[in-house]
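Predicted model, so just to flag it, every value in this text is computed and none were measured. Heavy atoms only: backbone and side chains are in, while hydrogens, waters and symmetry mates are out.
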Amino acid sequence: MASRVDDAARLWLPRPVAGEPKAGREFAVVRAVAAVALVAFPTVPLALSVALPVSLALPVGAALVAATALMTAVGGIAYARNRKVVPPVAGIQVASFDNGARHYDCFAGLVTIHDARGSVTAVHGRDAESYLAWMRNPGGRGFIEQIHVSDRILFLQAIDLLRQGNRQATIDIRLERPNVFAEGDQFIHMRCEMTALGEIDGELSILVQSSDVSEEARLRAEAVYKTRLAESANDAKTRFLAAVSHELRTPLNAILGFSDILSGEYFGKLENDRQREYVSLINQSGAHLLSVVNTMLDMSKIEAGRYELIPEPFRVADVVNACEAMLGLQAREKGVQLTSRIMRNVGEVNADQRAIQQILINLVGNAIKFTDRGGLVTIDAEVAGSDLNLIVSDTGIGIPENRLTTLGQPFVQIQNDYTRKYEGTGLGLSLVKGLVALHGGRFEIRSRAGEGTVITVTIPLDGSGIRAAGEQESVEQTMVEFPPRLKERTREKTNDKAFPETSRTDADGMNGGAGHDGSQAKTA
């Protein structure tokens, strides 16, 4: 009788889905309801015949029993399905080991015991019920079969390394979910902490503690996406500055050329001094704008990694003297004394002469601009070990301590647009820091408001910090065996750790130094 009830129930019960508990409890509910209904079918109509006619009591009683049985069966099956019970796993030891495996049930996450081939032999863990509720049967090879195809090689490699003698390994894998809603994720990100337990019953056993790290993976992917957006925006800004700078240089050359012709009075004398003054102002403004454009071009090249240095040996004294000659007139007109001190042991340096001269011009130009009449600007050059120190100091307005960390960034100045009285774009120190970084040097600044500023630039004398143009870090490529071959434990140990971490060393950025903004960016 029970088998016939089960056969009838199979016709209208839904087919079982992989990963769900078996339908044994559902058949038990149907059998119980069928037994009660079999007794109630003659009893209920007979009881109703006492108060109703027999012709009415029979159909009413049968309908009442059938409806009650159907509702009871549906409710019992729904209750049985909603109960979260860990499904029995064939071939898996649910009982604890004698060696203390009962303690594994206290571990967080899902704890599985694997043999040397990766098959699951036991399931433990404090959260095992919640994981097994959506997983398929992990017994035997079931755990590996649920891993994403591209991650299985990683899991088997970790087991192979543990077989060779490593004690532990940590990997991140993705497990497939059998039933997923339309808005759900198909794979769950899991972190597996793997530990070799030693031999149990003559065979190597591996403890794997798995925990859900899907939120961490989501945050990591979001961070990568936002980083790419920021890099794309920065590249767009750099391309925009380069394009605008190139477009400005063409009319600027015409302005400077024709203003030079007018000021030289090659095609006739100007009628009065006011015309000569206006032509001179046009020439000076064009030269200043050209210096800003050239600085923007250099900054764009540095940020894009296309600024090519041409290292060559040259005398440091020549660069310092050239800087004094170029900016001496500007210092005298403002009433600032410009001096230089070069130590006797300072000879030649192997660097890009144009870049070093540009560094000094920007630093000294800033010092003169921010030093009041009667002040002093000094250029010092000294050798410290294998490095050359170029020191530019002034007795100017100085920089507040709370602004030192922000200066030196592009378009950043000491004062805001409403209170500042010094002209400039704020690109001078940014260019200096970029050129110093290309030489593999250091940039340091010390300042005190109202007393002055000291900026020190340190570069290697032999040019060892300059990276050759087009030089890129070589990436080691290794062949991966797929599928992985589980090696014998008798083979010699080749690794000290399961997965040695590889650290990538980034190029040294400059210290958080900063300084004045630079209006004397570059001479035409």
Side-chain angles (χ1 to χ4, degrees), residues 295-296 298-303 305 307 309 311 316 319-320 323 327 340-341 346 349-371 377-394 396-414 424-449 452-467 505-522:
T295 303
M296 294 173 63
D298 289 340
M299 285 298 302
S300 301
K301 290 179 181 178
I302 292 176
E303 291 183 356
Y307 194 102
L309 297 179
V316 178
V319 175
V320 175
C323 180
L327 300 176
S340 63
R341 296 177 297 187
V346 176
V349 62
N350 186 27
D352 188 310
Q353 184 173 358
R354 172 179 171 273
I356 299 300
Q357 186 170 349
Q358 185 64 35
I359 290 173
L360 283 178
I361 290 175
N362 283 325
L363 294 180
V364 175
N366 277 350
I368 295 174
K369 182 174 64 172
F370 291 101
T371 302
V377 176
T378 306
I379 307 174
D380 293 325
E382 62 181 14
V383 174
S386 60
D387 296 330
L388 169 66
N389 290 337
L390 296 175
I391 306 171
V392 177
S393 57
D394 62 71
I397 62 174
I399 305 172
E401 186 177 355
N402 59 348
R403 299 302 304 273
L404 289 177
T405 57
T406 59
L407 287 178
Q409 301 175 3
F411 306 105
V412 174
Q413 296 179 331
I414 298 177
T425 59
L427 289 174
L429 277 182
S430 300
L431 178 61
V432 169
K433 295 179 71 174
L435 294 176
V436 171
L438 290 178
H439 283 85
R442 300 187 304 274
F443 178 93
E444 299 178 0
I445 183 171
R446 292 181 289 111
S447 182
R448 185 172 298 177
T453 304
V454 178
I455 298 179
T456 303
V457 172
T458 303
I459 60 174
L461 282 170
D462 57 357
S464 57
I466 301 177
R467 177 175 295 183
T505 304
D506 296 333
D508 291 335
M510 288 171 300
N511 300 330
H516 300 304
D517 64 304
S519 61
Q520 290 289 341
K522 198 171 186 180

Exercise for the section: Using salt bridge (Lys or Arg N to Asp or Glu O under 4.0 Å) as the criterion, list what pairs up with D380, not counting sequence neighbours. Expected result: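 In terms of salt bridge (Lys or Arg N to Asp or Glu O under 4.0 Å), with neighbours along the sequence ignored, D380 is linked to R341.
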Exercise for the section: Kindly write out the residues that satisfy salt bridge (Lys or Arg N to Asp or Glu O under 4.0 Å) with R446, not counting sequence neighbours, or none if the list is empty. Expected result: none
Practice task
Measure the shortest side-chain to side-chain distance between D387 and P460 over non-hydrogen atoms and say whether it is less than 4.5 angstrom.
Solution key: yes
Practice task
Would you please test V319 and V349 for side-chain contact (heavy atoms from CB on, under 4.5 Å) and show each step?
Solution key: CA-CA 11 Å; V319 175; V349 62; over 6 Å; no
How far does [atom1] of [X] sit from [atom2] of [Y], to the nearest 0.5 angstrom?
{"X": "I359", "Y": "I455", "atom1": "CD1", "atom2": "CD1", "value": "11.5 Å"}
{"X": "L438", "Y": "K433", "atom1": "CG", "atom2": "NZ", "value": "13.5 Å"}
{"X": "T378", "Y": "I391", "atom1": "OG1", "atom2": "CD1", "value": "10.5 Å"}
{"X": "D352", "Y": "L435", "atom1": "CG", "atom2": "CG", "value": "8.0 Å"}
{"X": "D394", "Y": "K369", "atom1": "CG", "atom2": "NZ", "value": "12.0 Å"}
{"X": "E382", "Y": "L388", "atom1": "CD", "atom2": "CG", "value": "8.5 Å"}

Handout entry: Stepwise side-chain contact (heavy atoms from CB on, under 4.5 Å) test for L363 and L390
Key = CA-CA 10 Å; L363 294 180; L390 296 175; over 6 Å; no
Closest non-hydrogen atom pair, [X] against [Y]:
{"X": "V392", "Y": "A367", "value": "CG1-CB, 4.2 Å"}
{"X": "V320", "Y": "S340", "value": "CG1-CB, 3.7 Å"}
{"X": "S447", "Y": "G452", "value": "OG-O, 3.2 Å"}
{"X": "F443", "Y": "L429", "value": "CZ-CD2, 3.9 Å"}
{"X": "A355", "Y": "H439", "value": "CB-CE1, 3.7 Å"}
{"X": "A351", "Y": "I356", "value": "CB-CG1, 4.0 Å"}

Problem - Of N366, N362, I368, the residue whose pairing with V364 passes side-chain contact (heavy atoms from CB on, under 4.5 Å) - result: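 That would be I368; it is the only one of N366, N362, I368 passing the side-chain contact (heavy atoms from CB on, under 4.5 Å) with V364.
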